[in-house]
Amino acid sequence: MRTAKTILTVIQERGKQKKPIERVYKLLFNRELYLNAYAKLYPNNGAMTKGVTDETVDGMSIQKIDRMIEILREEKYQWKPARREYIKKKNGKKRPLGIPVWGDKVLQEVMRQILEAYYEPQFSEHSHGFRPNRGCHTALQEIQVWKGTRWFIEGDISQYFDTIDHKILLEILARNIHDGRFIRLVSNMLEAGYLEEWKFNQTISGVPQGGVISPILANIFLNEFDNWIEEVLIPKYTKGKRQKSNPEYNKLTAEIQKLRKEGDAKTAHQFVVERRKIPSVNTQDENYRRLRYVRYADDFLLGFTGSKADAEEIKAEIGRFLKEKLNLIMSEEKTLITNAGSQAAKFLGYEIKAQRVNDYIDPKGRRGANGAIALLVPAKVIEEKCKKYMKRGKATHRNNLLQDDDFSIVQTYQQEYRGLVQYYILAQNLSWFSKLYWYMETSLLKTLACKHRSSINKQKAKYKTTTTSTSGKTVPCLQVVVERPNKKPLVATWGGISLVHKRKAVIEDIPYKVYGGRTELVKRLLAEKCELCGSTENIEVHHIRKLADLKKKGQAEVPKWVQIMSARKRKTLVVCRECHVAIHNGNITKSS
DNA sequence: AGGCGCGTTAC
RNA sequence: GUUGUAACGCGCCU
């Protein structure tokens, strides 16, 4: 049997050459692809969450994989409907989720790996959502070099995941995947429907939010849009080699040179300062146009250098394309055209602006901010985050942390703060987080004080020390140290995170590599030996949600399986059927 | 070098 | 009990 890596590499090659692929369905008979899929899915939170049946990752086995393959050979695979749940979105609205049963997730992941190997080399440079080695930061870094942009067009597609047209999606797939059986399998999956309150509902459009292959299907669908933007729209709205220079600017330059020749450095300098106030190019130049594009899932942003009327026309053309070719609705109200110099566009939680002239001079005396793009953390983000640590306008303690020890309280605050700063590391106004830092520190000290019935000052005195910050400076901080026998102490630190933003960096394009190789878990499963009793029959894997769950209840006698799992720090234990049943019955006689 | 666990974010 | 795909950061363990 060919290895998963070989299969996927062959498909990847076809993808690079943009050649169609055939006999794809047969690849689903390869056991290794399922082991790959299992290894990829088992660490997920949802692996232990039930769909419409009781089946979860717990009890996974080679036999289960082989049964799935048998059913696929007979072309009798039945997708189960997804379980419908709702989660709250940030803006208060609800997002419908479709949670597939475990087996469906595994098969979806196998299919996803095949689709990824094939389509990943073909996807656009400008698409960043749900893709390996890409993310929000790579999308934002792309925007950073859109110098001279006059208009932003923020794209918004209404209810994208739920409105993807099945027929069009299948047509797109069938163009490259010449295999009726594979396409039918995808089609059946799309039509599997969902259960809400025990009632079956059909899915006439859309991909399930929560489905393993949904993100890549969403990307394959909008890849059509990327291609059209790049091959039709951008060429249409690109004109001229470079922008005409600004006559006024040139006049001043000539003047400065003349003054310098005459030796009047002082007046020359005055003119240089004057010149900084105006752009070096003619921003109204109708013979110069540039259009740039970036997409993250269904969210896209265009930067346009040209007239407002053209920007409006671009928006209209996009709306028409989406409706006519992809049967998608571009939200007319939410798709905004903003003036880059005076308003901020919103994208991926950042504010994007074009900087006005003359507000920044770099160390070499050059004008750095001539229409350059600024990425900013929105004031509202800071405000909202501060509120989380406040009550009635003042910093306050956190009730839900009062039971924790000092170490984890400090650790929690630091992790929250660090995560947020890390996300906004590209923002020029990153230093605004110093306000949040202050509120959080006060809240932290109040939590400690409340817990120990003590005062803020006493707590501060207790833990105050210094550390080397991420930018190398010695700065004050708070530290809780936990000494351990024969080991170096554990340290939780509050502070030491520098608020210097990351300057624009060259985006390095890491080449996509197919997912392959055997993980530790797969090796253990393939060993086919019960890790409790040594039996070699009916081997399956016992899974737990979290390691922390192991030491929850204070049992008098800790079962052997718990001992092994916590000693090895593994959420999995390869066992025989008998031992697995014993574990679930709480019957520890066999396993202890 | 790999597993596990915490945090942030996007959609 | 809240799913999925990703990205980033930190830490621990063997």
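Numbers restart at 1 for each chain; the letters A, B, ... are given by sequence-line order, proteins then strands.
Looking at which nucleotide of RNA chain C each of A:K105 and A:R568 is closest to, the 5′-most match is held by A:K105. For the pair A:K546 and A:D298, both in contact range of DNA chain B, the more 5′-proximal nearest nucleotide belongs to A:K546. When each of A:Y42 and A:C136 is assigned the nucleotide of DNA chain B with its nearest heavy atom, A:Y42 is the one assigned upstream, toward the 5' end.
Using a 4.0 Å heavy-atom cutoff across all strands shown, A:P208 reaches no nucleic acid atom at all. Residue contacts shown for A:G129 are absent, as no nucleic acid heavy atom lies under 4.0 Å away. Within the nucleic acid shown, A:K523 has no heavy atom closer than 4.0 Å to any nucleic acid atom. Note on A:L426: nothing from the nucleic acid sits closer than 4.0 angstrom, heavy atoms only. No contact: A:T412 has no heavy atom under 4.0 Å from any strand. Among the protein residues, A:R484 comes within range of the sugar-phosphate backbone only, with heavy atoms under 4.0 Å from sugar or phosphate atoms but none that close to a base.
Across C:A6, B:dC6, C:U3, the shortest atom-to-atom separation from the side chain of A:I99 is found for C:U3. Here C:U2 is the nucleotide among B:dG7, C:U2, B:dA10 with the atom lying nearest to any side-chain atom of A:E85. Comparing C:C10, C:C12, C:U14 against the side chain of A:K487 picks out C:U14 as the nearest. Listed nucleotides C:G4, C:A6, C:C13 differ in distance to A:P215; the shortest reach to its side chain belongs to C:G4.
Checked options A:Y423, A:Y437, A:Y424; the residue passing with A:Y417 is A:Y437 (criterion: ring-ring contact (aromatic ring centres under 6.0 Å, His included)).
An OP1 or OP2 oxygen of C:U3 is reached within less than 4.0 angstrom by a side-chain nitrogen or oxygen of A:T49.
Using a 30° and 60° split on the angle between ring planes, A:Y413 and A:Y389 fall in the tilted class, from 30° to 60°.
When the C1' atom is compared between C:G1 and B:dT8, the two are found 23 Å apart, to the nearest whole Å.
Taking a 6.0 Å sphere around NZ of A:K451, one finds it holds more than 12 heavy atoms contributed by other residues, nucleotides or ligands. Counted within 6.0 Å of CD on A:Q563, heavy atoms from surrounding residues, nucleotides or ligands total more than 12; the atom is thus considered enclosed.
The cationic group of A:R95 does not satisfy the cation-pi geometry with A:F161, failing either the under 6.0 Å distance to the six-membered ring centre or the 45° limit from the ring axis.
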